[in-house]
S.K.: 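The structure that follows is given in the form of structure tokens.
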Amino acid sequence: MTTMTEASVREFKMPDVGEGLTEAEILKWYVQPGDTVTDGQVVCEVETAKAAVELPIPYDGVVRDLHFPEGTTVDVGTAIIAVDVGGGSAAPAAEQPAAGQPAAAAPAEEPKAAGSGRQPVLVGYGVATSSTRRRPRKGPEVPVQQASTAIRTELNGHAPAAPAAPPAAAPAAPAAPAGTERPLAKPPVRKLAKDLGVDLTTVVPTGPDGIITREDVHAAVAAAVPAATEPQVAPAPAAVQAPASYDTTRETRIPVKGVRKATAAAMVGSAFTAPHVTEFVTVDVTRTMKLVEELKADKEFTGLRVNPLLLIAKALLVAIRRNPDVNASWDEAAQEIVVKHYVNLGIAAATPRGLIVPNIKDAHAKTLPQLAESLGELVATARDGKTSPAAMQGGTVTITNVGVFGVDTGTPILNPGESAILAVGAIKPQPWVHKGKVKPRQVTTLALSFDHRLVDGELGSKVLADVAAILEQPKRLITWA
């Protein structure tokens with residue numbers, strides 16, 4: 001059997017898809033050994049500490065090997081896929097597969113060719129060759145590895161040495177037939193399925209155009225529960241026997257990685273680096289809520305989502321214009337306060353991958369309809385799991401809307417590098433003294449946390465008071481503009 005020459009094999013390395021990130025987790029492989037790929041074709045999806053990103057391959061060829069299974073965290077600069085690009089005098093015969101067979105590949109245990117120097121990447125900055133090793137994956141391998149092993153076995157013409165228990169020995173959902181289309185699902189749904197151990201090829205889609213939804217994944221899990229093998233444990237004494245409705249599993253361990261890992265590190269760093277001060281104010285926002293309803297009927301906002309957050313964001317932008325020193329950052333190395341003459345307004349968004357804070361670039365320069373459009377795009381992109389790393393960088397001030405969870409208020413922690421964060425509580429009817437009489441009014445509580453190194457109590461109080469005054473009398477959006 002003719003083998004490929006090492007000269008025809010190109011190793012594609014894990015790029016830095018953010019700015020200075022050191023690792024990424026492989027969420028999904030879209031190709032397998034033997035598949036033909038073309039320049040620019042997406043071969044896998046990876047998750048960094050900031051976003052989920054699809055990686056395109058930069059050359060044409062035949063996939064020779066996938067170096068890591070799904071779920072593995074790989075250091076930037078480490079080769080993740082080998083592709084036989086051919087095109088040379090020594091490779092043509094090796095590139096042509098036998099009739100009915102995929103292109104030949106080297107045994108899985110063959111040492112990988114190590115590149116040298118700096119590898120050009122398609123996304124982010126170039127990275128230097130890394131000598132770091134892969135981090136072993138915990139738990140059983142996922143179906144893609146079983147498929148990969150089967151392909152390599154077929155290509156080598158013999159069974160792998162000392163195999164583990166064959167896949168057929170364990171009850172599992174039938175694998176998708178070769179050549180079937182990849183199930184349609186958004187990245188957050190694919191991530192949920194991976195975390196729950198659900199094979200998307202076995203899930204019945206109910207979404208539009210055959211798209212698999214989160215509910216479909218949960219339904220698949222629920223359907224599989226009766227058939228699951230229960231762990232062998234001694235029965236608890238009758239006096240402490242748990243009710244039959246309780247799950248026998250007492251704990252669930254969730255790996256801290258990706259967005260959650262980055263968020264935890266950032267929040268700890270922020271909390272113990274910047275001296276936080278939080279101030280609160282409760283305000284009657286009845287007039288603001290009426291304005292929201294009026295704007296919904298305005299033709300200038302046709303097709304745009306108008307909600308209280310839009311006017312709260314605009315109120316904060318006006319307050320920053322009136323008190324520009326609050327929009328700043330602390331330069332520890334230079335021992336300087338850097339006042340920003342632009343506002344990149346961060347909006348905290350809860351996603352299946354964790355809390356992220358994308359920001360609206362130059363929000364201070366946008367009209368109210370433009371701000372509404374930007375908010376709508378930001379939220380939709382975050383929910384779809386498509387927020388890019390660039391969208392979460394460069395923020396100056398942030399809003400977190402805890403009111404959507406029915407929470408009255410909180411003491412938010414600053415986004416690293418920013419000077420202030422505004423928490424918005426639930427808006428609900430409360431008894432309020434209005435024009436000398438107690439009446440039911442729409443009321444909310446605002447909380448402003450700020451870095452006391454660069455924002456003193458007077459400045460922080462002025463900003464919070466201005467936001468409250470605008471929400472109480474939204475005509476100030478015009479008179480203070």
Side-chain angles (χ1 to χ4, degrees), residues 1-15 24-46 52-72 74 78-88 90-110 112-113 115 119 121-123 134 141-158 160 167 174-185 187 190 193-194 199-202:
M1 178 176 178
T2 304
T3 59
M4 302 178 192
T5 62
E6 290 298 325
S8 69
V9 176
R10 299 288 299 275
E11 300 277 0
F12 179 59
K13 300 178 181 180
M14 177 70 74
E25 178 189 355
I26 298 175
L27 292 181
K28 179 72 176 179
W29 281 111
Y30 297 148
V31 296
Q32 293 296 324
D35 290 351
T36 299
V37 294
T38 58
D39 186 359
Q41 177 181 340
V42 173
V43 295
C44 69
E45 180 184 19
V46 301
V53 180
E54 292 182 329
L55 297 183
I57 200 78
Y59 28 74
D60 301 335
V62 177
V63 177
R64 179 169 178 174
D65 190 22
L66 307 180
H67 298 332
F68 299 96
E70 294 176 355
T72 303
V74 181
T78 303
I80 59 175
I81 180 174
V83 176
D84 178 40
V85 297
E95 286 186 2
Q96 301 301 323
Q101 294 183 357
E109 54 274 357
E110 180 180 334
K112 312 296 184 296
Q119 169 79 9
V121 297
L122 298 180
V123 189
R134 61 179 277 191
E141 292 187 341
V142 293
V144 68
Q145 279 306 293
Q146 298 172 1
S148 179
T149 301
I151 291 174
R152 288 197 292 269
T153 300
E154 179 181 351
L155 295 177
N156 294 337
H158 58 80
T180 57
E181 294 185 357
R182 176 171 171 252
L184 298 178
R190 294 185 184 281
K194 183 176 77 67
D199 182 358
L200 287 178
T201 61
T202 66

S.K.: Kindly compute the distance separating CZ (Arg10) from CG (Asp60), expressed to the nearest 0.5 Å.
M.R.: 11.0 Å

S.K.: Of all heavy-atom pairs between Pro69 and Ile26, which one has the smallest distance, and what is that distance?
M.R.: O-CB, 4.2 Å

S.K.: Could you walk me through whether His67 and Val74 pass the side-chain contact (heavy atoms from CB on, under 4.5 Å) test, one step at a time?
M.R.: CA-CA 10 Å; His67 298 332; Val74 181; over 6 Å; no

S.K.: Is there side-chain contact between Leu66 and Gln32, with at least one heavy-atom pair below 4.5 Å?
M.R.: yes

S.K.: Quick one: closest heavy-atom pair of Gly40 and Pro56, and the distance?
M.R.: O-CB, 3.5 Å

S.K.: Is the shortest side-chain heavy-atom distance between Met14 and Phe68 below 4.5 Å?
M.R.: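 Side chain of Met14 against side chain of Phe68, heavy atoms only: no contact under 4.5 Å found.
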
S.K.: CZ of Arg64 to CD1 of Ile81: how many Å apart, nearest 0.5 Å?
M.R.: 12.5 Å

S.K.: Rounded at 0.5 Å granularity, tell me how far CG in Asp65 sits from CG in Asp84.
M.R.: 12.5 Å

S.K.: Looking at every heavy atom in both Tyr30 and Cys44, which two are closest together, and how far apart are they?
M.R.: CD1-N, 4.0 Å

S.K.: For Glu25 and Gly71, which heavy atoms make the closest approach, and how far apart are they?
M.R.: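 Closest pair (atom of Glu25, atom of Gly71, distance): OE2-CA, 3.5 Å.
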
S.K.: Rounded to the nearest 0.5 Å, what separation is found between the CD1 atom of Ile57 and the CD1 atom of Ile80?
M.R.: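 These two atoms lie 7.5 Å from each other.
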
